[in-house]
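One structure is given below, encoded as structure tokens.
Positions are given from 1, in the same order as the sequence printed here.
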Amino acid sequence: MAATWIISSTQYDIKGSKGTNQITTLHWQCTDSEDVTTDGETVTHTGRVYGSIGIPEPSGDFIEYSKVTHENCVTWCKAIMGDDKVKEYEDSVANQIALSKAPTHGSGKPW
């Protein structure tokens, strides 16, 4: 299992201080899943956290919007969050999967 980081959308200023369509916000999600097969039945256990993060003014070279890659955005997102927050989110996803595999609560109706 390894968490996957996805940038689902960006927001940008059409006329930013550094260039056209300057990204200002990243909408992200961190996900993972694990398939468990028991008695011939496979169940997929998943975890997910998501949010948005503001992008500060670029301090280095400005990358033109049409040349920004998904990898650029994931790198920026994680750098702005910092290693501790990235680990916290990835741990949360792993904990969701563990809880799905061994639940401690349930819901429903007894009838």
Side-chain angles (χ1 to χ4, degrees):
M1 290 187 340
T4 300
W5 286 81
I6 299 165
I7 304 301
S8 52
S9 183
T10 67
Q11 289 177 266
Y12 54 87
D13 288 341
I14 293 172
K15 293 194 184 269
S17 64
K18 296 283 188 169
T20 303
N21 300 337
Q22 181 177 329
I23 297 173
T24 58
T25 305
L26 299 172
H27 299 277
W28 58 268
Q29 38 182 324
C30 177
T31 64
D32 200 356
S33 66
E34 182 179 346
D35 291 337
V36 176
T37 303
T38 307
D39 299 327
E41 181 181 347
T42 300
V43 176
T44 301
H45 301 275
T46 62
R48 176 178 177 254
V49 292
Y50 59 93
S52 299
I53 193 160
I55 303 295
E57 283 288 314
S59 59
D61 293 334
F62 179 75
I63 300 173
E64 185 179 321
Y65 185 79
S66 64
K67 295 181 180 173
V68 172
T69 66
H70 183 259
E71 291 76 22
N72 292 137
C73 290
V74 169
T75 298
W76 299 336
C77 183
K78 288 180 169 183
I80 293 164
M81 286 179 184
D83 292 341
D84 290 344
K85 196 54 121 172
V86 169
K87 182 177 180 339
E88 178 183 323
Y89 290 138
E90 290 178 351
D91 288 349
S92 175
V93 168
N95 289 336
Q96 290 173 40
I97 292 170
L99 189 56
S100 176
K101 290 167 45 179
T104 58
H105 296 84
S107 64
K109 298 177 184 176
W111 60 92

Spatial distance of atom [atom1] ([X]) from atom [atom2] ([Y]) [nearest 0.5 Å]:
X: His45; Y: Asp35; atom1: NE2; atom2: CG; answer: 8.5 Å
X: Glu34; Y: Thr44; atom1: CD; atom2: OG1; answer: 10.0 Å
X: Thr69; Y: Ile63; atom1: OG1; atom2: CD1; answer: 7.0 Å
X: Glu90; Y: Asp83; atom1: CD; atom2: CG; answer: 10.0 Å
X: Trp76; Y: Thr10; atom1: CH2; atom2: OG1; answer: 9.5 Å
X: Thr24; Y: Gln11; atom1: OG1; atom2: CD; answer: 5.5 Å

On a heavy-atom basis, which atom in [X] and which in [Y] lie closest, and how many Å separate them?
X: Gly47; Y: Gln96; result: CA-OE1, 3.3 Å
X: Ser52; Y: Thr25; result: CB-CG2, 4.1 Å
X: Cys77; Y: Ile53; result: SG-CG2, 4.0 Å
X: Tyr65; Y: Asn21; result: CD1-O, 3.2 Å
X: Val49; Y: Trp28; result: O-CZ3, 3.6 Å
X: Ser100; Y: Pro103; result: O-CD, 3.7 Å

*Residues Thr31, Gln29; criterion side-chain hydrogen bond (donor to acceptor under 3.5 Å, both in side chains); working and verdict*: CA-CA 6 Å; Thr31 64; Gln29 38 182 324; 5.7 Å; no
*Does atom CZ of Phe62 have more than 12 heavy-atom neighbours, drawn from other residues, nucleotides or ligands, at distances under 6.0 Å?*
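Enclosed.
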*Is any side-chain heavy atom of Val43 closer than 4.5 Å to a side-chain heavy atom of Glu41?*
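A side-chain contact under 4.5 Å exists here.
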*Would you call Ile6 and His70 a side-chain contact if the rule is heavy atoms closer than 4.5 Å?*
yes
_Verify same cluster id: Ile14, Val68 (apolar side-chain graph, 4.5 Å)_ = yes
*Find out if a path of hydrophobic residues (ILVMFWY) with successive side-chain heavy-atom gaps under 4.5 Å connects Ile80 to Ile7.*
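Hydrophobic grouping puts Ile80 with Ile7.
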*Is the backbone N or O of Ser17 less than 3.5 Å from a side-chain atom of Gln22, with the two atoms forming a donor-acceptor pair by type?*
yes
*asked:* Show, in sequence, the C-alpha distance, side-chain angles and deciding distance for Asn95 and Ser92, and conclude whether the side-chain hydrogen bond (donor to acceptor under 3.5 Å, both in side chains) test is met.
replied: CA-CA 5 Å; Asn95 289 336; Ser92 175; over 6 Å; no
*Could Lys85 and Glu88 be called an ion pair, given the rule that one side-chain N must be under 4.0 Å from one carboxylate O?*
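Here Lys85 pairs with Glu88 in a salt bridge, since their nearest N and O are under 4.0 Å apart.
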